[in-house]
Engineer: 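Have a look at this one before I ask anything.
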Amino acid sequence: MRSEADAARSAARRSSALLDQVDYRLAETEAEKEAIYSLRYRAYLHEGAIEPRADQRLTDRFDDLPNSWVFGIYLDGELTSSIRISVATPDSDDTPAVDAFRDLLEPELAQGKVIVDPNRFVADPARRTRYAELPYMTLRLAYVACMLYRADIGTATVRKEHQAFYRRVFLHESLCQPRPYPTLTKPLCLMAVDYPKMCEKVFQRYPFFRSGASERRMLFERGRDRHLAVMNLPEFPFERATVAPRL
């Protein structure tokens, strides 16, 4: 039987190779967004996490907030998975994790901390079995965001059966028992990691989670004025060093 370290090294090698084939795209057009909303619906329905809906799409108010970024992950030119990255600061705390677990996260925000909240992680049910490394490739965006926005805390809102993966790969700790979660039929628990303290340990095991300054900028900048969109969001004052990109 392979040790956990051997399994981690094997996953790292496969994921590093797959990274060259991954296309991360920030959803900005209506067509891109609708494709992701449809993917979410199919993925959650396949897992029994939502009830059938006539419109066969899943979106919520967080998709349109300025402190949320919705990504599609494409392999072989096809949308294969998606994730939404939300960033909570003391001055802009409206994210799904804070909304659902405010009693646990508000005290951290009151101390001036920055929280990166990856959520709505879904994979195409018809394609996810072809790419065993897809969760690593998709969740890598959370680490890109943690570095860009100088996160103090990285969160994960997950079902009980997925806790072991986040604990093993990202060194997350469970902060509570599963709770009801908006729009989903299955309860989720909050997990979190002290990003500055633990990130190097994760990078040593999974070096492909690292990112360069230009990649971080390009992924999270929006529209024509991409640089200004990241640097000057009023919800994230530069002097607090909450969302100033780490260049």
Side-chain angles (χ1 to χ4, degrees), residues 14-47 49-50 53 55-87 95-97 116-149 154-158 162 165 169-170 183-184 206 208-212 214-226 229-230 245:
R14 296 194 305 271
S15 297
S16 295
L18 185 61
L19 188 58
D20 292 335
Q21 306 173 39
V22 169
D23 182 12
Y24 295 115
R25 300 182 197 173
L26 179 63
E28 296 192 272
T29 70
E30 286 305 311
E32 291 169 336
K33 293 176 182 178
E34 286 301 323
I36 287 172
Y37 301 158
S38 176
L39 171 61
R40 283 181 187 166
Y41 175 80
R42 297 196 310 274
Y44 281 128
L45 188 66
H46 179 77
E47 295 179 354
I50 59 172
R53 300 167 56 106
D55 59 2
Q56 298 188 0
R57 64 197 292 272
L58 186 62
T59 182
D60 58 47
R61 67 183 182 85
F62 296 104
D63 285 321
D64 297 318
L65 294 184
N67 63 327
S68 287
W69 292 259
V70 178
F71 288 95
I73 291 81
Y74 294 77
L75 286 166
D76 299 327
E78 296 186 30
L79 178 62
T80 305
S81 65
S82 176
I83 195 168
R84 180 172 62 199
I85 305 293
S86 303
V87 180
T95 79
V116 167
D117 168 15
N119 54 85
R120 292 298 192 212
F121 168 32
V122 294
D124 187 341
R127 291 171 58 82
R128 64 182 183 181
T129 56
R130 291 175 52 187
Y131 302 102
E133 293 73 37
L134 188 59
Y136 299 86
M137 294 294 94
T138 306
L139 291 165
R140 176 178 179 268
L141 285 168
Y143 264 69
V144 175
C146 281
M147 183 166 284
L148 179 65
Y149 296 112
T155 62
T157 46
V158 303
H162 295 159
F165 171 79
V169 176
F170 300 104
T183 73
L184 302 182
Y206 304 101
F208 57 89
F209 283 157
R210 295 185 185 274
S211 59
S214 60
E215 182 190 17
R216 296 193 292 270
R217 267 200 315 273
M218 290 175 63
L219 284 173
F220 282 84
E221 292 168 356
R222 291 186 172 110
R224 182 180 301 174
D225 298 320
R226 289 182 176 272
V230 174

Engineer: Mark yes or no for whether R216, through its side chain, and S211, through its backbone, hold a donor-acceptor pair below 3.5 Å.
Structural biologist: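 Confirmed, R216 side chain pairs with S211 backbone.
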Engineer: Are the side chains of K33 and V70 in touch, meaning some heavy atoms are under 4.5 Å apart?
Structural biologist: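 No. Closest side-chain heavy atoms not under 4.5 Å.
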Engineer: If we only count heavy atoms from C-beta on, is the T95 to S68 side-chain gap below 4.5 Å?
Structural biologist: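 Side-chain contact under 4.5 Å: no.
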Engineer: Are R61 and D63 within salt-bridge range, i.e. N to O under 4.0 Å?
Structural biologist: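 So R61 does not pair with D63 through a salt bridge.
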Engineer: What are the two closest heavy atoms between R40 and T59, and how far apart are they?
Structural biologist: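 In terms of heavy atoms, the two residues are closest at NH1-CA, 3.8 Å.
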Engineer: Does the distance from a Lys or Arg side-chain N to an Asp or Glu carboxylate O, for E34 and R57, drop under 4.0 Å?
Structural biologist: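 Between R57 and E34 there is a salt bridge, with a charged N closer than 4.0 Å to a carboxylate O.
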Engineer: With side chain to side chain contact (heavy atoms under 4.5 Å, CB included) as the criterion, how do L79 and I73 come out once you've worked through the C-alpha distance, each side chain's angles and the decisive distance to 0.1 Å?
Structural biologist: CA-CA 6 Å; L79 178 62; I73 291 81; 5.8 Å; no
Engineer: Give me each pair satisfying salt bridge (charged side-chain N to carboxylate O under 4.0 Å, His left out) with a member in residues 72-83, each pair once, sequence neighbours excluded.
Structural biologist: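 Qualifying pairs, neighbours excluded: D76-R130, E78-R127.
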Engineer: Do the side chains of D117 and R84 get close enough for a salt bridge, i.e. N-O under 4.0 angstrom?
Structural biologist: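 No, no charged N to carboxylate O under 4.0 Å.
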Engineer: Taking atom CZ of F208 and atom CD of E133, what is their separation to the nearest 0.5 Å?
Structural biologist: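 Here the rounded value is 8.5 Å.
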Engineer: Tell me, do Q56 and Y37 make a side-chain contact under 4.5 Å, heavy atoms counted?
Structural biologist: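 The answer is no, as the side chains (C-beta and beyond) never meet within the 4.5 Å cut-off.
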Engineer: Residues in side-chain hydrogen bond (donor to acceptor under 3.5 Å, both in side chains) with S81, at least two apart?
Structural biologist: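 side-chain hydrogen bond (donor to acceptor under 3.5 Å, both in side chains) list for S81, sorted by chain: T138.
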Engineer: Compare all side-chain heavy atoms of L219 with those of R25 and state whether any distance is below 4.5 angstrom.
Structural biologist: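 Not touching, per the 4.5 Å side-chain cut-off.
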Engineer: Assess the residue pair T80 and Y74 against the criterion (side chain to side chain contact (heavy atoms under 4.5 Å, CB included)); give the C-alpha distance rounded to whole Å, side-chain angles, the decisive distance to 0.1 Å, and a yes or no.
Structural biologist: CA-CA 5 Å; T80 305; Y74 294 77; 5.8 Å; no
Engineer: Is a side-chain donor or acceptor of Y206 paired with a backbone partner of V169 at a separation under 3.5 angstrom?
Structural biologist: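 Not at all, since once roles are kept as given, no pair shorter than 3.5 Å links the two residues.
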Engineer: Kindly indicate whether the side chain of Y24, heavy atoms from C-beta on, has any atom under 4.5 Å from the side chain of R140.
Structural biologist: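 Yes, side chains in contact.
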Engineer: Any idea which heavy atoms bring N119 and S86 closest together, and the distance?
Structural biologist: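 Minimum heavy-atom separation between N119 and S86: ND2-OG, 3.3 Å.
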Engineer: I need the minimum non-hydrogen distance between F170 and Y143, along with the two atoms involved.
Structural biologist: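 Between these two residues, the closest heavy atoms are CD2-CE1, 3.5 Å.
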Engineer: Taking all heavy atoms of V116 and all of V87, pick out the closest pair and write down the distance.
Structural biologist: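 Closest heavy-atom pair between V116 and V87: CG2-CG2, 4.4 Å.
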Engineer: Does the pair F220 and F71 meet the rule for a ring pair (Phe, Tyr, Trp, His ring centres under 6.0 Å), with working shown?
Structural biologist: CA-CA 9 Å; F220 282 84; F71 288 95; 5.0 Å; yes
Engineer: Tell me if the aromatic rings of W69 and Y149 count as close, with their centers under 6.0 Å from one another.
Structural biologist: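 Under 6.0 Å, so yes.
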Engineer: What is the ring orientation for Y136 with F209, classed by angle as parallel under 30°, tilted 30 to 60°, or perpendicular over 60°?
Structural biologist: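 Plane angle under 30°, so parallel.
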Engineer: Side chains of Y44 and L184: does their closest heavy-atom pair fall under 4.5 Å?
Structural biologist: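 Side chain of Y44 against side chain of L184, heavy atoms only: contact under 4.5 Å found.
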Engineer: Is there a side-chain contact between L134 and L75 in this structure, where contact means two heavy atoms from C-beta onward sitting under 4.5 Å apart?
Structural biologist: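 In contact.
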Engineer: For the residue pair L26 and E32, what are the closest heavy atoms and their distance?
Structural biologist: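 Minimum heavy-atom contact is O-OE1, 3.7 Å.
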Engineer: Look up atom CD1 in I83 and atom CD1 in I36, then write down how far apart they are to the nearest 0.5 Å.
Structural biologist: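 I83 atom CD1 to I36 atom CD1 measures 11.0 Å (nearest 0.5 Å).
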